[in-house]
Colleague: 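Starting off with a structure, shown below.
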Amino acid sequence: MPTLRFFGHSACEVVHGDTRVLLDPFLSGSGIGCVDPESLQPTAILITHGHGDHIGDAVSIAKRTGAPVVGMYEVVSHLQSQGCPEGHGMNLGGAHQFDWGWVKLTPAWHSGGYQDAEGNYTYLGTPAGILLRLGDRLLYHAGDTALFSDMALIGRHGIDLALLPIGDNFTMGPDDALEAVRLLKPKRVVPIHYNTFPVIQQDADAWARRVEAETGVPCTVLAPGGEIEF
């Protein structure tokens, strides 16, 4: 049974046997500090989109470990230009079976671009959500997204655990994220992308109570560093 380790914001690691898949590793710059990026030894690094609070430490981790970066073609190409030794570019609706697991990219309504130290932006294509299957369990990491009705189609894959942003302002807020649970019908949900910055402050425990009361779907709020099997 896979284990989700939550590192705060949208960063997490999914561990299944010897496989360790790192998603959106915004770690050293997040101010959360629940994990040392140097301690991670991922099998692969998955990126939902090109914003700095999702790419995070991907380049330094990939350089150190040789782990391939996987995501939208433009994002992967950019990361390889920054020194990532191996990458696998994909696009929306596409799926690929790797030797460590299955990945499919789903739509996400957001924007995508990387701002360098000089303030210059590089457009990095359309953001994505990620379906990740390890063993017989399926994780949905929604990435940064607005609510959209086709989440009902994504839910038909049979989602064991959904990670949904609730922070508002840049993504869905609590009300829309609650509607996303209704559309996706996952077996369990965990809120992400909240409380990292003042503008996305939310009461995740209150949201979890609403999810369980109004949808019947179990909702687990993980503190940074927390983990859950699914």
Side-chain angles (χ1 to χ4, degrees), residues 3-15 20-42 44-65 67 69 71 75 78-79 82-84 108 110-122 124 127-130 132 139 141-146 161-174 176-177 189-208 219-228:
T3 297
L4 172 80
R5 300 175 65 204
F6 180 57
F7 298 142
H9 201 56
S10 294
C12 61
E13 181 181 51
V14 185
V15 181
R20 313 182 78 89
V21 180
L22 187 60
L23 293 96
D24 283 1
F26 179 51
L27 303 170
S28 61
S30 70
I32 296 171
C34 68
V35 65
D36 180 0
E38 293 293 313
S39 71
L40 299 174
Q41 297 287 336
I45 303 170
L46 276 54
I47 307 292
T48 60
H49 66 289
H51 285 155
D53 61 328
H54 293 262
I55 287 178
D57 297 280
V59 173
S60 61
I61 295 172
K63 284 181 177 179
R64 176 175 54 81
T65 65
V69 291
V75 173
H78 173 75
L79 293 176
Q82 301 303 303
C84 291
H110 194 58
S111 59
Y114 186 79
Q115 186 177 26
D116 64 21
E118 287 72 43
N120 301 308
Y121 273 96
T122 301
L124 293 180
I130 293 174
L132 169 65
L139 175 84
H141 189 305
D144 281 6
T145 189
L161 179 63
L163 310 183
L164 300 181
I166 67 166
D168 219 345
N169 196 77
F170 299 116
T171 69
M172 298 186 292
D176 282 355
V189 63
V190 167
I192 60 173
H193 205 279
Y194 65 94
N195 291 1
T196 321
F197 320 117
V199 75
I200 59 171
Q201 288 289 327
Q202 297 293 341
D203 185 338
D205 291 319
W207 184 74
C219 183
T220 301
V221 177
L222 292 176
E227 60 184 51
I228 185 174

Colleague: Rounded to the nearest 0.5 Å, what separates atom CD in Glu38 from atom OG in Ser60?
Modeller: 6.5 Å
Colleague: Less than 4.5 Å apart, any side-chain heavy atom of Cys219 and any of Pro191?
Modeller: yes
Colleague: Check whether any side-chain heavy atom of Asp24 sits under 4.5 Å from a side-chain heavy atom of Ile47, and report yes or no.
Modeller: yes
Colleague: Would you compute the distance between atom CD1 of Ile200 and atom CG of Asp168 and round it to the nearest 0.5 angstrom?
Modeller: 10.0 Å
Colleague: Are the side chains of His49 and Thr145 in touch, meaning some heavy atoms are under 4.5 Å apart?
Modeller: no
Colleague: With a 4.5 Å cut-off on side-chain heavy atoms, are Ile32 and Phe26 touching?
Modeller: no
Colleague: What is the distance from atom CG of Leu46 to atom NE2 of His141, rounded to the nearest 0.5 Å?
Modeller: 9.5 Å
Colleague: Answer whether the closest heavy-atom distance between the side chains of Phe170 and Val199 falls below 4.5 Å.
Modeller: yes
Colleague: Can you sort out the partners of Tyr114 under ring-ring contact (aromatic ring centres under 6.0 Å, His included), two or more places apart, ordered by chain and number?
Modeller: His78
Colleague: So which atom in Ala62 and which in Val69 form the shortest heavy-atom distance, rounded to 0.1 Å?
Modeller: CB-CG1, 4.3 Å
Colleague: Got a second to check how far Asn195's CG is from His193's NE2, nearest 0.5 Å?
Modeller: 11.5 Å
Colleague: Work out which heavy atom in Ala128 is nearest to a heavy atom in Ala108; give both atom names and the distance.
Modeller: C-CB, 3.6 Å
Colleague: Keeping Asp116 on the side-chain end and Asn120 on the backbone end, is there a donor-acceptor pair under 3.5 Å?
Modeller: yes
Colleague: Of all the heavy-atom pairs spanning Thr48 and Gly143, show the shortest one and how long it is.
Modeller: CG2-CA, 3.8 Å
Colleague: Quick check: closest heavy atoms across Leu164 and Ala142, and the distance to 0.1 Å?
Modeller: CD2-CB, 3.8 Å
Colleague: Would you say the side-chain atoms of His54 and Asp144 include a donor-acceptor pair closer than 3.5 Å?
Modeller: yes
Colleague: Is any side-chain heavy atom of Val21 closer than 4.5 Å to a side-chain heavy atom of Leu132?
Modeller: yes
Colleague: If you take all heavy atoms of Ile55 and Gly50, which pair is closest and at what distance?
Modeller: CD1-O, 3.5 Å
Colleague: Which value, rounded to the nearest 0.5 Å, describes the distance between Tyr194 atom OH and Gln201 atom CD?
Modeller: 10.5 Å
Colleague: Between Leu163 and Ser10, is a side-chain contact (heavy atoms from CB on, under 4.5 Å) present by the stated rule, with each step listed?
Modeller: CA-CA 8 Å; Leu163 310 183; Ser10 294; over 6 Å; no
Colleague: Is any side-chain heavy atom of Leu4 closer than 4.5 Å to a side-chain heavy atom of Leu222?
Modeller: yes
Colleague: Give the intermediate values and the outcome of side-chain contact (heavy atoms from CB on, under 4.5 Å) for residues Thr196 and Asp53.
Modeller: CA-CA 10 Å; Thr196 321; Asp53 61 328; over 6 Å; no
Colleague: So, do Leu27 and Leu40 sit near enough that their side-chain heavy atoms are less than 4.5 Å apart?
Modeller: yes
Colleague: Carefully, step by step, assess Phe197 and Asn169 under the rule side-chain contact (heavy atoms from CB on, under 4.5 Å).
Modeller: CA-CA 11 Å; Phe197 320 117; Asn169 196 77; over 6 Å; no
Colleague: Identify the heavy atoms of Gln202 and Gly167 that sit nearest to each other, and give their distance.
Modeller: NE2-O, 3.1 Å
Colleague: Test of understanding: with side chain to side chain contact (heavy atoms under 4.5 Å, CB included), list the residues that count as partners of Val15, not counting sequence neighbours.
Modeller: Arg5, Glu13, Arg20
Colleague: Could you walk me through whether Arg64 and Gln41 satisfy the side-chain contact (heavy atoms from CB on, under 4.5 Å) test, starting with their C-alpha distance in whole Å, then the side-chain angles of each, then the deciding distance to 0.1 Å, before giving a yes or no?
Modeller: CA-CA 9 Å; Arg64 176 175 54 81; Gln41 297 287 336; 3.0 Å; yes
Colleague: So, taking the atom named SG in Cys12 and the one named CG in Leu22, what distance separates them when rounded to the nearest 0.5 Å?
Modeller: 7.5 Å
